[in-house]
Every structure is written in C-alpha cells, then in structure tokens.
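Working notes for the structure below.
All values derive from a computational prediction rather than experimental measurement. Whatever order the structure lists them in is the order used to number ligands and atoms, beginning at 1. We use all heavy atoms of the structure for the numbers below, so side chains are in, but hydrogens, waters and symmetry mates are not. Just so you know, residue 1 is the first one in the sequence shown, and it goes up from there.
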Amino acid sequence: MAKYFGTYGIRGKLDLLTPEFVLRMCAAFGRHVQGGKVILGRDVRTSGKMLRAAAIAGLISSGCEVIDLGVVPSPTVEFEIKKMGAKGGVIITASHNPPEWNALKFVGAEGVGISREKGEWVEELYGAGNVQAAWNRLGEARKYDLAIREHMDEIKKHINSAAIAKRRPLLVLDCGNGTVGNFAPYLFRELGCRVVTLNAQPDGFFPGRHSEPTKDNVADLIACVKALHADMGIAWDGDGDRVIFIDENGGYVWGDKSFALCIKLRMRQGKGVAVTTVATSDVAKEAAEKSGGKMEYVKVGAPYIAEKMLELNAAIGGEEVGGVVWPEISWGKDGLMTAAKIVEEVCASGKPLSAHIASLPAYFNAKGKVDCGSKDKARILAKIREEFAREKKAKAITLDGVRLNLSDGWVIARPSGTENYFRVFAEAKMQKRADELLAKFKKKVEEIVRKV
Ligand code: MG
C-alpha cells in the first residue's frame with residue numbers, strides 16, 4: 001500500500017512537502033521513467049516556486065531533461081506530454097484545496113496520471129534512495145513559454161469558431177485566481193466571445209474566492225451573470241481541470257449534467273465508449289446509451305479514467321464534479337476544452353444552456369457520511385459487501401467501495417481516502433426514493449461500523 005501516493009499524486013501541507021522531500025521524490029520519479037524528457041508545470045500557490053526548484057533539482061539528478069512550462073493549467077502539462085512524446089510530467093498543484101496546501105501530480109507517458117498503485121513503484125525507489133545519475137549522465141532544465149499558446153491553438157482546431165463568432169455570446173469567466181487566468185480570457189476572446197472576467201489575476205492567496213467552484217463559492221459569478229444578462233458563466237478550479245457552468249438564468253449546472261451534455265455532443269460525432277467513475281450519476285450513463293454508446297465504470301480517481309480510456313480507445317471520459325477528458329487533446333481532464341465545447345454547442349444550436357440541461361433526464365440524490373473512528377476500514381468494507389450482497393434483485397459493483405444497482409435507483413458506500421468515515425450516496429428518479437435509499441443503507445453501514 002502506497003504510503004504517500006493518493007488517487008492522483010501526493011498531496012499535503014508544507015510539513016510533508018518540504019523541499020528535501022520533493023527533491024527526493026522527484027528524483028525517484030525520474031529514475032522510475034528512466035530519464036528522458038519530463039514536462040514540469042505549476043499552479044500559483046505561494047509554495048510553488050520553492051517546490052519547482054526542488055523538483056527540477058531532483059529530476060536533473062536522476063538524468064531527466066526538464067521542460068519547465070512555468071505557471072500553467074494542469075491540462076496544459078498533460079497536453080504537452082502527449083504532444084512532445086515526453087516520458088512523463090510533474091504538476092505542482094493542489095487543485096481546489098486551500099492555499100496552504102500543495103501537491104505533486106505525477107504523470108506518465110502519453111499523459112496518463114500515475115495512480116496510487118503505480119505510485120508504489122516510485123515510492124520503492126524513494127525508499128531505496130541513491131537514484132542519482134553519474135556525473136556525466138545528469139540531466140538539464142530549460143524553460144518553454146509556448147505551451148499555453150500551443151494548447152489554445154489545439155483546442156481551437158477542434159472548435160467551430162465561426163458558429164461562436166456569429167453569435168458573439170457574452171460570457172462571464174470566473175478564473176478563481178487560478179492558473180486559467182493566463183488562458184481562458186484569451187481563448188474565449190479569440191473564439192469570438194464577448195468576455196467579462198472575475199478573479200482573473202493568478203494569485204496564490206486566492207483573494208477572490210475559494211478555489212473549488214462549488215455553488216456557494218461562485219455566488220459572485222451567479223450575481224454577475226444575472227446582472228449582465230450574460231449567456232453563460234464559467235468557473236474553474238485552481239488548476240483548470242475542472243469547470244462548472246452557470247446558465248443564462250443564473251442556475252448552477254452540476255458537473256454530472258455538463259458531463260452528460262458533453263457525452264451527447266461527442267456521441268453525435270461518433271458513437272463509442274464513455275468512461276466514468278462508479279460515483280457518477282446515471283444521467284451520464286443514460287446520455288451515453290440514448291446516443292447509442294456505452295458506459296464503462298472505473299474506481300474514483302482521474303488516472304483510472306485515463307487508463308481505461310487508453311485501453312478501450314474511448315470517445316470521452318469524465319467524473320461527476322465537472323472534469324471531462326477529450327482524447328483529441330490529452331488523457332487528462334481539460335476544463336478549457338470542456339468550456340469551449342459547451343460554448344460551441346450553445347452557439348451552434350441557438351438554444352440557451354438552460355434548454356440543453358432541461359433536455360437531460362432528471363435524477364435526484366441524497367448524500368450522507370458514517371463516522372468510523374479509528375476502526376479498520378478494510379474490515380468494515382468487507383462486511384458491507386457481505387451485507388449489500390444479501391439485497392435481492394440488485395447488482396453489486398465492487399470496483400471501489402460497494403455500489404448496488406437496484407431496479408429504481410442505486411446506492412454506493414465508499415471509504416474516504418484520507419479521513420475516518422464512509423460516504424454513502426443514493427440516487428433515484430424521485431427525491432423521496434433517493435432519501436429512502438440513503439436512510440436504509442446508511443443505517444446498515446452504521447450497524448456494521450458499530451459491530452466491527
Ligand atoms: Mg483540479
């Protein structure tokens with residue numbers, strides 16, 4: 001079991017992410033990929049410059065050629081890895097976490113994130129130490145300033161900008177003081193939109209809003225869309241892989257709905273497989289199946305989505321919090337491409353965003369948590385599997401926690417990766433049924449926790 005790696009990289013505050021730790025871990029990663037080209041990028045956090053220097057030293061020490069992109073969205077690093085055919089990448093970003101956090105996201109060849117399981121191999125090298133290359137095998141580092149321009153041009157190649165320019169939609173972009181401030185306003189202006197920005201200056205203190213684009217955190221954006229009678233509001237998380245939308249009435253569009261809309265428009269171009277996690281709403285599955293495609297499920301975590309997509313040559317992938325993978329760009333969630341695709345769809349169809357969302361099937365959900373204290377989560381999970389298997393006329397999926405598909409809804413119980421609780425989530429076509437399912441299965445989990 002990996003000690004440091006989570007579902008996508010190593011996240012922590014500076015007591016964990018010291019320069020020494022980052023240097024040694026990046027050296028281990030450099031040895032893992034056996035030298036060669038490694039792309040480096042970072043977000044705007046105050047610790048970013050310090051950790052960048054440590055990461056470069058570690059990568060050079062293990063013989064890597066570091067291409068330093070500077071402050072860029074995470075998807076830009078994943079895009080450049082694929083484009084340059086690099087051996088891998090390191091992204092110094094804590095995504096949507098508070099400003100005092102940071103993280104190392106390690107990315108492998110093709111731009112597929114290093115999962116917890118693959119992270120164990122890097123940790124072994126970290127533990128063994130002595131990964132430094134000989135004096136005549138050390139690597140080097142150079143800056144590369146064209147990444148944002150190239151990523152933007154690649155997105156534009158896949159977007160019908162004439163349809164957008166014809167409508168000249170008014171967009172309010174809330175960059176959340178994150179890395180997309182250097183990217184999104186320029187992209188959408190070039191695509192022919194009228195652009196108003198909020199929090200567009202990248203700032204590691206995140207003075208404008210919290211970097212996770214939850215409904216509460218984007219209240220200013222919602223007010224702005226209404227006041228300006230804009231066509232849409234768009235908000236990203238700190239590193240630009242996730243994006244959420246506000247419709248023309250100021251309505252917050254949940255990530256599973258925007259993902260379902262992306263599946264619909266993608267499958268119109270060509271049917272295929274969509275990949276998502278077991279925690280995603282059935283609205284996505286239904287969108288895929290109604291379009292003649294198919295949905296495949298994986299464990300929760302961006303690297304698992306990317307691995308499966310590569311394996312199946314999938315058409316699209318994504319997760320419920322507003323991250324969508326577009327294989328023509330990269331194998332990482334790309335919040336910039338996702339936003340451009342949705343804007344294109346609204347302009348080309350001539351229908352407002354709210355109408356697109358209203359055309360999707362309605363699902364209702366209910367969420368809960370069960371505290372398990374310091375009890376053994378693996379034992380609890382095994383018991384939950386046994387208990388849930390007793391349920392008649394239900395199909396259990398045990399990729400991650402236990403998901404139980406019932407005739408009129410589904411429920412999932414999953415241990416939190418970092419904290420002492422189990423998440424329980426239920427979904428159905430009616431709110432009442434979702435609440436009932438949650439109450440019933442939450443009680444089962446509580447009883448199991450009490451007995452273990
Ligand atoms: Mg993110």
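- Side-chain polar atoms of Ser354 and Asp247 form no donor-acceptor pair below 3.5 angstrom.
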**Report entry** Trace of the side-chain hydrogen bond (donor to acceptor under 3.5 Å, both in side chains) decision for Ser281 with Glu427
**Finding:** CA-CA 7 Å; Ser281 164; Glu427 184 179 80; 2.6 Å; yes

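- Here the two rings, on His32 and Phe106, have centers that are 6.0 Å apart or farther.
- The atom of Asp241 nearest to the Mg ion (ligand 1) is OD1, with the search restricted to N, O or S atoms.
- Residue Asp237 approaches the Mg ion (ligand 1) most closely through its N/O/S atom OD2.
- Considering the Mg ion (ligand 1) as centre, the angle to OG of Ser95 and to OD1 of Asp239 is 100° (10° rounding).
- Checked against Asp239 for a side-chain hydrogen bond (donor to acceptor under 3.5 Å, both in side chains), the options Lys333, Arg45, Arg42, Lys105 give a single hit: Lys105.
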